[in-house]
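The structure appears right after this line, and notes come after that.
For the single chain, residues carry numbers from 1 onward in sequence order. None of these values were measured; they are calculated from a predicted model.
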Amino acid sequence: QVQLVESGGGLVQAGGSLRLSCAASGSIFSINTMGWYCQAPGKQRELVATITRVGSTNYADSVKGRFTISRDNAKNTVYLQMNNLKPEDTAVYYCNADIRRRRSSLRSEDFWGRGTQVTVSS
């Protein structure tokens, strides 16, 4: 079994900062790409940022220059530093990871956390 547990969400004023963390645990051999997605009320889940195992990053245009994704492979953890937050960033933020569970198999599986609420007040 694999679990992804997010933390760090909360309520913040516009212009403020939050740091999200997501720790993966369980039956894990290695983790490929990790990422953050968000879903606002009435909208579809959308990409925020992703990071590969070797540190290549990709960001949604709306967060470039404000958010930074990073990871600690030794801790199976991914982070999202969110600066200069805007009311439109309000959403549930979900962690995602592409996980290889066995040394004997190259197959990887997609896992999601349960989400953490980020609310930005104006």
Side-chain angles (χ1 to χ4, degrees):
Q1 190 67 293
V2 171
Q3 279 192 318
L4 301 182
V5 179
E6 301 104 334
S7 61
L11 173 64
V12 65
Q13 288 189 330
S17 298
L18 285 173
R19 188 189 194 216
L20 306 184
S21 300
C22 171
S25 63
S27 177
I28 297 170
F29 173 69
S30 66
I31 305 178
N32 301 318
T33 299
M34 303 184 80
W36 290 95
Y37 293 74
C38 69
Q39 187 167 19
K43 295 187 177 181
Q44 290 190 330
R45 191 173 298 187
E46 59 185 27
L47 169 75
V48 177
T50 60
I51 184 168
T52 67
R53 183 169 181 81
V54 296
S56 295
T57 58
N58 179 53
Y59 294 93
D61 288 343
S62 60
V63 307
K64 285 180 180 177
R66 300 189 299 123
F67 292 7
T68 302
I69 189 170
S70 61
R71 64 188 284 175
D72 184 332
N73 290 332
K75 296 182 179 179
N76 288 337
T77 299
V78 63
Y79 307 95
L80 186 68
Q81 179 65 44
M82 310 165 71
N83 297 331
N84 191 22
L85 282 158
K86 303 176 180 180
E88 51 264 42
D89 295 319
T90 296
V92 178
Y93 284 72
Y94 295 91
C95 174
N96 173 265
D98 180 41
I99 296 176
R100 181 180 167 191
R101 299 183 65 185
R102 298 175 181 82
R103 177 190 296 269
S104 59
S105 173
L106 294 177
R107 177 173 172 261
S108 62
E109 301 172 57
D110 209 35
F111 291 90
W112 291 89
R114 293 188 175 184
T116 185
Q117 177 70 45
V118 171
T119 303
V120 185
S121 63
S122 56

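Residues satisfying the side chain to side chain contact (heavy atoms under 4.5 Å, CB included) criterion with V120, sequence neighbours excluded, are V12, A14, L85, P87, D89, T90, V118. Residues satisfying the side chain to side chain contact (heavy atoms under 4.5 Å, CB included) criterion with R103, sequence neighbours excluded, are F29. Residues forming a salt bridge (charged side-chain N to carboxylate O under 4.0 Å, His left out) with R19 (at least two apart in sequence, or on another chain): none. Among residues two or more places apart in sequence or in another chain, the side-chain hydrogen bond (donor to acceptor under 3.5 Å, both in side chains) test is passed with T119 by Q117. V2 is linked by a side chain to side chain contact (heavy atoms under 4.5 Å, CB included) to I28, I99, R101, F111, counting only residues two or more places apart in sequence or in another chain. Scanning for side chain to side chain contact (heavy atoms under 4.5 Å, CB included) contacts around N96 gives Y37, D110, W112, with sequence neighbours left out.
In this structure, the separation between CD on Q3 and CG on N76 is 13.0 Å, given to the nearest 0.5 Å. Rounded to the nearest 0.5 angstrom, L80 CG and S21 OG are separated by 9.5 Å. Atoms OG1 and CG, on T68 and N83 in that order, are 6.5 Å from each other to the nearest 0.5 Å. Taken from OG1 in T77 to CG in D72, the straight-line distance is 6.0 Å, to the nearest 0.5 Å.
Of all the heavy atoms in A24 and L4, the pair that sits closest is CB-CD2, 3.2 Å. The two residues V92 and G115 make their nearest non-hydrogen contact at CG1-CA, 3.8 Å. In terms of heavy-atom proximity, R71 sits nearest to I31 at NH2-O, 3.1 Å.
Proximity of E6 to L20: side-chain heavy atoms (C-beta onward) are nowhere separated by under 4.5 Å.
Residues in residues 46-77 take part in no disulfide bond (SG atoms under 2.5 Å apart) pair, two or more places apart or across chains. Counting only residues at least two apart or in different chains, ring pair (Phe, Tyr, Trp, His ring centres under 6.0 Å) contacts with residues 52-94 are absent. Note on residues 72-122: pairs passing disulfide bond (SG atoms under 2.5 Å apart), not counting sequence neighbours, are C22-C95. Listed by first and then second residue, the side chain to side chain donor-acceptor pair (under 3.5 Å) pairs involving residues 23-33 are N32-D98 (not counting sequence neighbours).
Few gaps surround CD on Q81; more than 12 heavy atoms of other groups in view lie less than 6.0 Å from it. More than 12 heavy atoms of other residues, nucleotides or ligands lie within 6.0 Å of CZ in R53, so this atom counts as buried by the packing criterion.
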Run the side-chain donor-acceptor check on residues 38-48: report pairs under 3.5 Å with partners two or more places apart or on a different chain.
from, atom 1, to, atom 2, distance (Å)
Q39, NE2, K43, O, 3.1

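In the hydrophobic clustering, where aliphatic and aromatic side chains (Ile, Leu, Val, Met, Phe, Trp, Tyr) are joined below 4.5 Å either directly or transitively, V54 stands alone.
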